[in-house]
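One structure is given below, encoded as structure tokens.
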Amino acid sequence: MTDQDARTALDLPTVIAELQARAWPGPIPTIVDTTESTNSDVALLATAGAPEGSCVVAEYQSAGRGRLDRQWVSPHSAGLWLSVLVRPSDMPRASWNWLPLLAGLATARAIRAVTGVMAEVKWPNDLVVVDHSSRKLGGILSEVHGDDAVVVGIGLNVSTAKAELPIAAATSVSLEGGSANREALFAAVLAGFSECLERWRLDDPELKVEYRALCASIGRVVEATMPDSVIVRGLVLDVDNDGHLLVDDGTTTVMVTTGDVIHATI
């Protein structure tokens with residue numbers, strides 16, 4: 001039996017039990033079969049006044065997207081495609097840069113704990129497995145709505161087969177030899193993100209240390225395409241306390257605040 005044959009829809013009672021076991025403080029997530037984009041769905045919830053932690057997870061997205069409006073391919077019930085509402089107005093606006101990074105940290109930890117796959121984060125928004133190559137498991141899309149809402153989208157390939165992946169550099173939990181219990185993984189992602197948000201609000205310095213420890217970009221040569229299309233190539237020294245990438249281009253240290261980052265072949 002293939003992974004495709006074994007795919008079933010997320011079971012809400014099982015998800016609730018998994019969340020309760022992890023002391024999830026947020027509202028019960030909404031599971032939908034098909035939607036255009038979970039980020040768009042949660043943005044509507046934000047406008048309607050929904051509380052932090054409101055979440056929509058879909059079995060299939062017909063118009064899923066990643067950063068820079070790239071299409072996100074998501075075979076039915078093959079992964080986790082979800083969005084979570086954060087209400088960060090109690091925190092300085094500049095610190096909101098950390099929200100997609102914390103979502104990446106929480107998701108990488110959940111993947112490791114639930115599936116055994118040694119996921120890492122690639123700044124600013126990818127979930128990867130790195131050995132002799134770097135393979136993409138998933139990604140994060142964070143969108144600000146107004147003065148008090150950020151929608152954080154998480155897309156993760158779970159049982160996606162090789163033939164279903166859009167690019168050769170992509171992978172999935174099952175292709176990396178991991179288990180594919182989506183209910184447990186979903187609950188671990190939500191609970192882990194909630195814990196990260198709580199520690200972020202308390203300004204826990206260890207949280208940033210823990211992010212750096214799982215950041216596959218640090219210590220690697222990258223090419224960063226800046227918003228003005230200038231390409232910076234160099235060695236990543238660190239992620240600073242504001243969530244920016246520090247790149248040594250051989251002449252100076254360049255602060256990359258946003259942009260498209262490619263790891264050099266290792």
Side-chain angles (χ1 to χ4, degrees), residues 66-68 86 88 91-113 117-144 150 152-156 169 171 189 192-266:
R67 286 184 69 248
L68 307 178
V86 182
M91 297 293 288
R93 188 68 175 248
S95 71
W96 295 11
N97 294 330
W98 271 95
L99 291 174
L101 307 189
L102 296 180
L105 174 62
T107 305
R109 283 177 163 171
I111 295 167
R112 286 173 170 237
V117 174
M118 301 306 286
E120 298 179 69
V121 291
K122 179 171 85 69
W123 190 95
N125 72 317
D126 285 347
L127 296 148
V128 296
V129 176
V130 179
D131 41 41
H132 59 279
S133 65
S134 180
R135 301 177 297 284
K136 183 174 177 177
L137 278 168
I140 313 293
L141 177 64
S142 176
E143 298 178 309
V144 176
V150 178
V152 180
I154 300 169
L156 179 63
T171 190
V189 169
F193 189 35
S194 176
E195 178 193 1
C196 284
L197 290 175
E198 181 179 2
R199 294 174 61 193
W200 172 65
R201 287 187 162 104
L202 294 173
D203 198 23
D204 181 353
E206 288 302 309
L207 188 60
K208 295 172 182 178
V209 173
E210 291 164 18
Y211 174 84
R212 293 180 181 110
L214 280 187
C215 182
S217 302
I218 296 174
R220 298 195 183 279
V221 174
V222 302
E223 286 188 355
T225 302
M226 310 289 266
D228 59 3
S229 298
V230 171
I231 296 177
V232 175
R233 180 181 173 88
L235 179 69
V236 176
L237 303 177
D238 202 357
V239 174
D240 70 16
N241 285 335
D242 293 320
H244 304 143
L245 200 68
L246 302 181
V247 179
D248 180 358
D249 68 358
T251 302
T252 187
T253 298
V254 180
M255 179 187 294
V256 180
T257 59
T258 187
D260 205 23
V261 174
I262 299 173
H263 285 184
T265 303
I266 58 173

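Glu195 and Arg109 are not joined by a salt bridge, as no carboxylate oxygen comes within less than 4.0 angstrom of a charged side-chain nitrogen.
Put simply, the side chain of Arg220 does not reach to within 4.5 Å of the side chain of Val236, judged on heavy atoms. A heavy-atom distance below 4.5 Å is found between the side chains of Val144 and Arg93. In this structure, the side chains of Leu101 and Val121 stay at 4.5 Å or more apart for every pair of heavy atoms.
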Mind running side chain to side chain contact (heavy atoms under 4.5 Å, CB included) on Thr252 and Val254 for me, showing each step along the way? CA-CA 6 Å; Thr252 187; Val254 180; 4.1 Å; yes
Mind running side chain to side chain contact (heavy atoms under 4.5 Å, CB included) on Leu246 and Met255 for me, showing each step along the way? CA-CA 5 Å; Leu246 302 181; Met255 179 187 294; 4.2 Å; yes
Evaluate the side chain to side chain contact (heavy atoms under 4.5 Å, CB included) criterion for residues Trp96 and Val86: first the C-alpha distance (whole Å), next the side-chain angles of each, then the deciding distance (0.1 Å), finally the verdict. CA-CA 10 Å; Trp96 295 11; Val86 182; over 6 Å; no
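The CG atom of Leu214 sits 11.5 Å away from the OG1 atom of Thr107 when rounded to the nearest 0.5 Å. Put simply, CG on Asp126 and CD on Glu120 are 12.5 Å apart, with the number rounded to the nearest 0.5 Å. Trp98 contributes atom CH2, which lies 13.0 Å from atom CG of Leu197 (distance to the nearest 0.5 angstrom). Taken from OG in Ser133 to NE2 in His263, the straight-line distance is 12.0 Å, to the nearest 0.5 Å. A distance of 8.0 Å separates CG in Asn125 from CG in Asp260, rounded to the nearest 0.5 Å. The line from CG of Leu102 to CG of Asn97 is 11.0 Å long, rounded to the nearest 0.5 Å.
The main-chain N or O of Glu223 is never found under 3.5 Å from a side-chain atom of Arg233 such that the two would form a donor-acceptor pair. The closest donor-acceptor contact from the side chain of Asp249 to the backbone of Thr251 lies under 3.5 Å. A distance-only check finds a donor-acceptor pair linking the side chain of Arg212 to the backbone of Val239 [under 3.5 Å]. In this structure a side-chain-to-backbone donor-acceptor pair under 3.5 Å is present from Ser217 to Trp123. A donor-acceptor pair under 3.5 Å links the side-chain atoms of Lys122 to the main chain of Val261, judged by distance alone.
The two atoms that bring Leu137 and Ala119 nearest to each other are CD1-CB, 3.9 Å, heavy atoms only. In terms of heavy atoms, Ile154 sits closest to Ala103 at CD1-CB, 4.3 Å. Nearest heavy atom pair, residue Ser95 against residue Met91, reads OG-CB, 3.7 Å. Residues Leu207 and Cys196 share a closest heavy-atom pair of CD2-O, 3.5 Å. The two residues Leu127 and Gly104 come nearest to each other via the heavy atoms CD2-O, 3.4 Å. Val232 approaches Met226 most closely through the heavy-atom pair CG2-CG, 4.1 Å.
With respect to Leu245, the side chain to side chain contact (heavy atoms under 4.5 Å, CB included) criterion is satisfied by exactly one of Leu237, Thr258, Val256, Thr257: Val256. Results of the side chain to side chain contact (heavy atoms under 4.5 Å, CB included) test with Pro100 over Val152, Leu105, Ile140 single out Ile140 as the only residue that passes.
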